[in-house]
Every structure is written in C-alpha cells, then in structure tokens.
**Q** 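Got a structure here, written out as structure tokens. Questions coming.
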Amino acid sequence: MKAISVFPGKLNSVHLAELPKPSINEIPNGRGVLVRVVRVGVDGTDKEINAAEYGAAPPGYDFLVIGHEGFGQVEAVGENVTELKPGDYVVATVRRPGNSIYDLIGTDDMTTDDTYYERGINLRHGYLTEHYVDDAEFIIKIPQGLRSVGVLLEPLTVVEKGIHQAYEIQRRLKVWQPRRAAVMGAGTIGLLATLVLRLRGIEVTSFARNPKRSLNAELMESIGARYTEVPIIEAGKKFGPFDLIFEATGNSSVVFDSMQALGKNGVLVLSSVTGGDRMVQVPADRINLEFVLGNKVMVGTVNANREYLETGVRDMAQAEAEYPGWLSRLLTDPVRGLENYTELFQKLKNPNGSIKVFCEVAEV
Ligand code: BGC
Ligand code: ZN
C-alpha cells in the first residue's frame, strides 16, 4: 500500500513509500480496528516536518508516514471491539501514551515524558496511506450525518482542548462569565476557535492579516464574529478588554502582543507550534506588571485526548444545526489521490485563498 512519507531532518523529502497492509492482529487483546483511510487534512505541522524543522521516524524506519488529521471508515474489528463495526466512519487521535502518570490515566496529551509519540508527527507513522490499524481506545466514531466534514475533527480538537483548559483554569475565579474573546489568526484553527466560542454565546473579535474581502473574513462574519486587520494592542482598546484570547497565528511574536490586550483575570491560550528560532523585543516590565496586578493567566495547549474528540463531535453537530453548511466551506482544497503529494504540498506552501488543504485518499 502507498503512503506519503518524509525522511525527517531532510529538507523537502516528501515522497511515496510502499508499506504492507496492516492487520488487526497487530493490536493485542482483540481490540484492533482496521480503518480504510478516506480523507486526510494537512497543516503547518506537515509543512514544518517536510521543512526538516520537526518530526521523527518510528524506531526501525528511516522514513515517517505523515498525516495526522485522519478520517476513514472501519473495515474490520477484533473480537473484543463492541463499540465500532465495519462501515462506521471514524477519526483516530494523534498522541499515543508514554509512561508518565498522565499517560496512564488516558491523558497522554498532558505527558511529562521528554519523548512523546504522535501518529504522523513524532515516532509513529500517520494516516496519509490507504489503511491503518489501531486500538479501539484511540478511535472515535463520527455520526453518518457528519461524514462530509469529519476530516475537520482533528484540527477542531486543538480548539476544544484549549477552550476547555481555559474554563478549567478559570474555576480559580468563583465566577467567570467570559463575554469578550479575541481569536488571533484566521486559518483553520482560528476559524474553528471562533466557531466554538460563538457556539458558547461569546462575542468574538478575530484578528488576521488577510484582507476584509477574503473567504476567511466572510466566514467569521457569517457566524457573528467581528473581523479586523487592526493590530490587537490597538483594537484591544476599542473592542476589549478580552476575557479570553486564543492564539493560533503560528507567529510567536503575536503572543507578546496578545499578552498586552488581555483583560483583568483573563486567560490567554497558546496553540501555535513554532519550530523556528524567532527573537523579539517586548515591553517586559509593563507586560509583567499588568499580569501581576490583573491576575492574568497564559497557558500552552497541545493535542489531544479522546475527551476532546468527543466534545468536537458534539460541537460539529451543533454547528451543523446552527450554521448549516458552514463547516464544509472550510474544505477549500481537495487533492485527489496519494500519488498527488506534490500538489498537496504546493497548495500547503502557497495558500492563495485556501483554508483547508486535504487529500482525498478514497471516496467518502
Ligand atoms: C497537531 C497536534 C499535535 C501538535 C504537536 C499539531 O499540528 O494537530 O495533534 O499535538 O501538532 O505536534
Ligand atoms: Zn495539526
């Protein structure tokens, strides 16, 4: 079977590798699930892996099968799998457990191990192939009615976890009723963060560099968010102060601007994976002073355990009910067939108005 792969650490090494079709017997205790891959999204992480800035091959391999935003259909299940059956649509989580206490209780996204395992990213093969197997533990069922947007679940979980963490942290306040939020970035994650916050009734200002006339801007405004190109420090004075800021630009300098627009008792959620080595100068005393005097919090968030996929499925259903057709408008750039990996990466590198670039591996 074909698989889109890279040689980690080698620049622009994306290529097609050949692997044997996996079998459910590779998974112990009759808990194996064999999945036929249908669609796989690609994102900045894949770009960084192909740019040799990130990622590692599994032990025993010199290549890594990429793709972590999977969506597929169950082909076969082991004898002890009762929660899934052939024909079900599914998405698998990305992280796999290590050894820390957090891994042992099903929260491998919170691991304190130095080494972490992520399918399609770090030390485990991913989903840009024809079939994969995994333990039912890591596989979430997608209702039939959401199959056309199921490929958006993994990026949505980035948002679900970040926002859930924000609410958990804010339990420190005896009462927290966030009214105003800011979302930094209008890519897939920024759009989905705006959606989830709007579904919770929060007023959202979304910040981006894209012009006002872009599809991204229109999508933000169609769910009642304010879209602006004005820098956050300035706009914060007009539309803030923000109770919650979700940072998803992929640009670490935006973090320090965002810190300056956060309201008292506010929480700033960081989700950008920045593999580079950017340096910035910041008004450190002022930022620190306002954080101290305003009891502010900043938290990093990395994906994701099963709980967030389950919440994501519920939010997708609510989104389809409240804003029908909105999610599928994010699926701007399909690329048909694993063999067209060059086109897949070209679209990823030159977005030109695209939101989600994804590979159509097989028919939905
Ligand atoms: C993925 C996450 C992953 C993170 C760090 C992101 O692109 O969507 O699942 O945890 O990269 O590797
Ligand atoms: Zn990702």
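We count ligands from 1, going down the list as the structure has it; atoms in each ligand are counted the same way. All values below come from the heavy atoms of this structure, side chains included, with hydrogens, waters and symmetry mates left out.
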**Q** Would you mind checking which non-hydrogen protein atom is closest to atom 12 (O) of ligand 1, with the distance to 0.1 Å?
**A**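 It is E118 OE1, 2.5 Å.
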**Q** Hey, do the aromatic rings of Y127 and Y132 have their centres closer than 6.0 Å?
**A**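 Yes, they do, as the ring centres are separated by less than 6.0 Å.
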**Q** Out of N303, D109, D315, N305, which one pairs with T157 under the side-chain hydrogen bond (donor to acceptor under 3.5 Å, both in side chains) rule?
**A**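 Only one option passes, and that is N303.
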**Q** Distance under 4.0 Å to a non-hydrogen atom of V302: what atoms of ligand 1 satisfy this?
**A**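 Taking each heavy atom of V302 in turn, ligand 1 has 5 (C), 10 (O) under 4.0 Å.
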**Q** Should the proximity of D43 to ligand 1, defined as any heavy atom under 4.0 Å, be assigned to the side chain, the backbone, both, or neither?
**A**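 Under 4.0 Å from ligand 1, D43 contributes side-chain atoms alone.
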**Q** Is the positively charged end of R180 above the ring of F239, judged by distance under 6.0 angstrom from the centroid and angle within 45° of the axis?
**A**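 No, a cation-pi geometry is absent between R180 and F239.
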**Q** Taking atom types as modelled, is there a side-chain donor on T249 or E247 under 3.5 Å from an acceptor on the other?
**A**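 There is such a pair between these side chains.
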**Q** Would you mind telling me if ligand 1 is within reach of the side chain of I121, the backbone, both or neither, using heavy atoms under 4.0 Å?
**A**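 The part of I121 near ligand 1 is the side chain, not the backbone.
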**Q** What protein heavy atom sits nearest atom 11 (O) of ligand 1, and how far off is it?
**A**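 Going by distance alone, atom 11 (O) of ligand 1 is nearest to T45 OG1, 3.4 Å.
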**Q** Could you tell me whether some N/O pair between Y54 and ligand 1 is separated by less than 3.5 angstrom?
**A**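 Right, the criterion is met.
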**Q** Nearest protein heavy atom to atom 9 (O) of ligand 1, by residue and atom, and its distance?
**A**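 Ranked first by proximity to atom 9 (O) of ligand 1 is E154 OE2, 2.7 Å.
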**Q** Among the N/O/S atoms of D43, which is closest to the Zn ion (ligand 2)? Give the atom name.
**A**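 Result: OD2.
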**Q** Start with the C-alpha gap between V302 and R95, add the side-chain angles, then the distance that decides, and say whether side chain to side chain contact (heavy atoms under 4.5 Å, CB included) holds.
**A** CA-CA 10 Å; V302 70; R95 281 260 166 137; 3.6 Å; yes
**Q** Is there a donor in the side chain of T115 and an acceptor in the side chain of D113, or the other way round, less than 3.5 Å apart?
**A**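 On atom types as modelled, these side chains do not qualify, holding no pair under 3.5 Å.
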